[in-house]
Amino acid sequence: MLELTSQLLFNIYMEHPTSADLSFLDRLESVTTDPMVDKVFATAREYEEMINSTGSVTAEDRIALIAELNDTWPFMGMKLQVSGRLSFADTESGEVKAKYYDDRPMISNGFCFIEDHIMSDEEVVAEHYKVGLHMIRFADETSNEGELGVGLLDDVAIDYPVHSPEMIENRLRYFHSETMERLDTIVLNCETEEQAVMQLKDFTIDAIPSDTESMQVASDLQVYLSSILEFDDRLPYNITIAGDCFAEVDGVVCAAKIEEIMSGVAGVAGVKFLQQAELPSDQEQCLMVCIEIYWFTADKKAPPLHLYLPSKSIQDITSVRRITYEEED
């Protein structure tokens, strides 16, 4: 029995490395915490340490520091699912009470400094400040008046509704490394975003519309591609197209077809993954890379056409800015 137990322990050790090899935990942490949030929180802690160490920061300075933090906080005014210890003022007595909340919807109101007096023999020796998250809590969905509360950074856990491109990339590389390698082989070997668009004509992913996980992968890949393909948002592109496309009219996207080769000028808004063929909603579909464009027509008074062009339908795409620079050279 002892020999069997020792062998089992040895097998467990080999399958689950000890502290000598815990790199897999570091990789897992990168997909469970958002680098963008970590960066903002790190700056908040730097500000906290600075005002407590110098002791000469004015109220105006603290207001300015909070304003800087709030400018970098993308969740301002957004409803978040919050857990942890927060303090709210009682509506009847006005007394501030701390309470633990579990997955409670609250409105993010940015950051704040929480003043904490350091006491000695019942006298205030020094003022100490901590950075907290400012939250608004509503009694229920029908309530119009919210209560202001605060929670320390280390006391609050938040389920963020959107993630930064950095976290999305980490998640893709951790859970879908083969797909990312295939995508990177195409995109990262291109010198321009136009070349990448042309090379992506054969890149597709499988997804099931009724399956949340597979559609989340498609959404993540869309965010990743949009983050690395930096399309010019000020000047348009010369585009030549023919074949299948999608047109958006009054918010409805419909399949269309361009029968003859068509050239024109269009603004490029970004990258989308759209289905390659019409299939029942519960079956696997092939999603292909499309670019979202606004095609300028000859009628200057008419609004531009809102189209989604599959890479395979794009015969040529060139940045007007790039053409201008090449002519100047």
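The first residue in the sequence is number 1, and the count goes up from there. Only heavy atoms go into these numbers, but all of them, side chains included; no hydrogens, no water, no symmetry mates.
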Open item on the list: Contact between L305 and F296 at the side-chain level, heavy atoms closer than 4.5 Å - yes or no?
Closed with: no
- [ ] Please name all residues satisfying side-chain contact (heavy atoms from CB on, under 4.5 Å) with T54, sequence neighbours left out, ordered by chain then number.
- [x] M50, S56, V57
TODO: Quick one: sort the W73 and F111 rings into parallel, tilted or perpendicular, breaks at 30° and 60°.
DONE: perpendicular
- [ ] Please report the closest heavy-atom contact between R171 and H163, naming both atoms and the distance.
- [x] NH1-ND1, 3.1 Å
Task: N/O donor-acceptor pair under 3.5 Å between D61 side chain and T58 backbone - done: yes
Task: Atom of C290, atom of F246 and distance for their closest heavy-atom approach - done: SG-CE1, 4.3 Å
Open item on the list: Same cluster or not: I239 versus L235, using hydrophobic residues (I, L, V, M, F, W, Y) connected whenever any side-chain heavy atoms lie under 4.5 Å apart?
Closed with: no
Open item on the list: I'd like to check Y129 versus R62 (side-chain heavy atoms, cut-off strictly below 4.5 Å). Are they in contact?
Closed with: yes
Task: Distance (rounded to the nearest 0.5 Å) between I158 CD1 and L80 CG - done: 5.5 Å
- [ ] Taking only Lys NZ, Arg NE, NH1 and NH2, and the carboxylate oxygens of Asp or Glu, determine whether R173 and D184 approach each other closer than 4.0 Å.
- [x] yes
- [ ] Assess whether side chain to side chain contact (heavy atoms under 4.5 Å, CB included) is satisfied between V265 and Y294, documenting all intermediate values.
- [x] CA-CA 9 Å; V265 178; Y294 290 89; over 6 Å; no
Which atom pairs, donor and acceptor, lie under 3.5 Å between side-chain atoms of residues 186-193 and protein residues at least two apart or in another chain?
unit_1	atom_1	unit_2	atom_2	d
N189	ND2	T185	O	2.6
T192	OG1	E194	OE1	3.3
T192	OG1	Q195	N	3.2
E193	OE1	R322	NH2	3.3
E193	OE2	Y237	OH	2.7
E193	OE2	R322	NH2	3.3

- [ ] Answer yes or no: is there a donor N or O on one side and an acceptor on the other, between the side chain of S263 and the main chain of T240, under 3.5 Å?
- [x] no
Task: From CA spacing to verdict: side chain to side chain donor-acceptor pair (under 3.5 Å), S313, D244 - done: CA-CA 6 Å; S313 297; D244 296 330; 5.7 Å; no
Open item on the list: Any side-chain to backbone donor/acceptor pair from S311 onto V197? Under 3.5 Å, distance only.
Closed with: yes
- [ ] Please name the pair of heavy atoms, one in E48 and one in K130, separated by the smallest distance, quoted to 0.1 Å.
- [x] OE1-CA, 3.3 Å
Open item on the list: Tell me whether V131 shares a hydrophobic cluster with V150, the cluster being built from Ile, Leu, Val, Met, Phe, Trp, Tyr side chains joined at under 4.5 Å.
Closed with: no
Open item on the list: Looking at Q81 and D103, would you say the former's side chain and the latter's main chain have a donor-acceptor pair under 3.5 Å?
Closed with: yes
Task: Hydrophobic cluster identity match, M36 and V156, side-chain contacts under 4.5 Å - done: yes
Task: Taking every non-hydrogen atom, the tightest pair across A218 and L287 - done: CB-CD1, 3.6 Å
- [ ] Decide yes or no for C286 and Q275: does some side-chain heavy atom of the first lie under 4.5 Å from some side-chain heavy atom of the second?
- [x] no
- [ ] Starting from the C-alpha separation in whole Å, work towards a yes-or-no answer on side chain to side chain donor-acceptor pair (under 3.5 Å) for E68 and Y47.
- [x] CA-CA 10 Å; E68 289 182 12; Y47 289 170; 2.7 Å; yes
Task: Common cluster, I293/M198, ILVMFWY with side-chain heavy-atom separation under 4.5 Å - done: yes
Open item on the list: Under the criterion side chain to side chain contact (heavy atoms under 4.5 Å, CB included), I'd like the reasoning laid out for R137 against F88: C-alpha separation, chi angles, the key distance, then a yes or no.
Closed with: CA-CA 9 Å; R137 179 190 65 180; F88 288 88; 3.4 Å; yes
Task: Approximate separation, where rounding is to 0.5 Å, of F231 CZ and D233 CG - done: 11.5 Å
Task: More than 12 heavy atoms of other groups within 6.0 Å of I261 CD1 - done: no
Open item on the list: Using side chain to side chain contact (heavy atoms under 4.5 Å, CB included), reason through V217 and L221 one step at a time and then give a plain yes or no.
Closed with: CA-CA 6 Å; V217 174; L221 286 170; 4.1 Å; yes
Open item on the list: side chain to side chain donor-acceptor pair (under 3.5 Å) for Q216 and D220? Distances and angles first, verdict last.
Closed with: CA-CA 6 Å; Q216 181 64 57; D220 286 351; 2.9 Å; yes
Task: Criterion side chain to side chain contact (heavy atoms under 4.5 Å, CB included) on M135 and V82, from CA distance to verdict - done: CA-CA 9 Å; M135 293 290 177; V82 182; 4.1 Å; yes
Task: From CG (L309) to CG (L274), nearest 0.5 Å - done: 10.5 Å
Open item on the list: Any carboxylate oxygen within less than 4.0 angstrom of a Lys/Arg side-chain nitrogen, looking at R45 and D154?
Closed with: yes
Open item on the list: With a 4.5 Å cut-off on side-chain heavy atoms, are L307 and E248 touching?
Closed with: no
Task: K272 side, atom NZ; S219 side, atom OG - distance, nearest 0.5 Å - done: 8.5 Å
Open item on the list: So, taking the atom named CG in L183 and the one named CG in L225, what distance separates them when rounded to the nearest 0.5 Å?
Closed with: 5.0 Å
Open item on the list: Is the shortest side-chain heavy-atom distance between R182 and F203 below 4.5 Å?
Closed with: yes
- [ ] Examine F41 and V162 and state if one hydrophobic cluster contains both, with Ile, Leu, Val, Met, Phe, Trp and Tyr joined whenever side-chain heavy atoms are less than 4.5 Å apart.
- [x] yes
Task: Atom pair OH (Y100) and OG (S83), whose distance is rounded to the nearest 0.5 Å - done: 5.0 Å
Task: Closest contact, heavy atoms only, I208 versus M215 - done: O-CG, 3.4 Å
Task: Main-chain N/O of S164 paired to D34 side chain as donor or acceptor, under 3.5 Å - done: yes
Open item on the list: Could you check whether Y308 and H306 have their ring centres less than 6.0 Å apart?
Closed with: yes
Task: Quiz item: cation-pi between R85 and Y101, 6.0 Å / 45° - done: no
Task: Contact summary for T72 and L69, nearest pair of heavy atoms - done: OG1-O, 2.8 Å
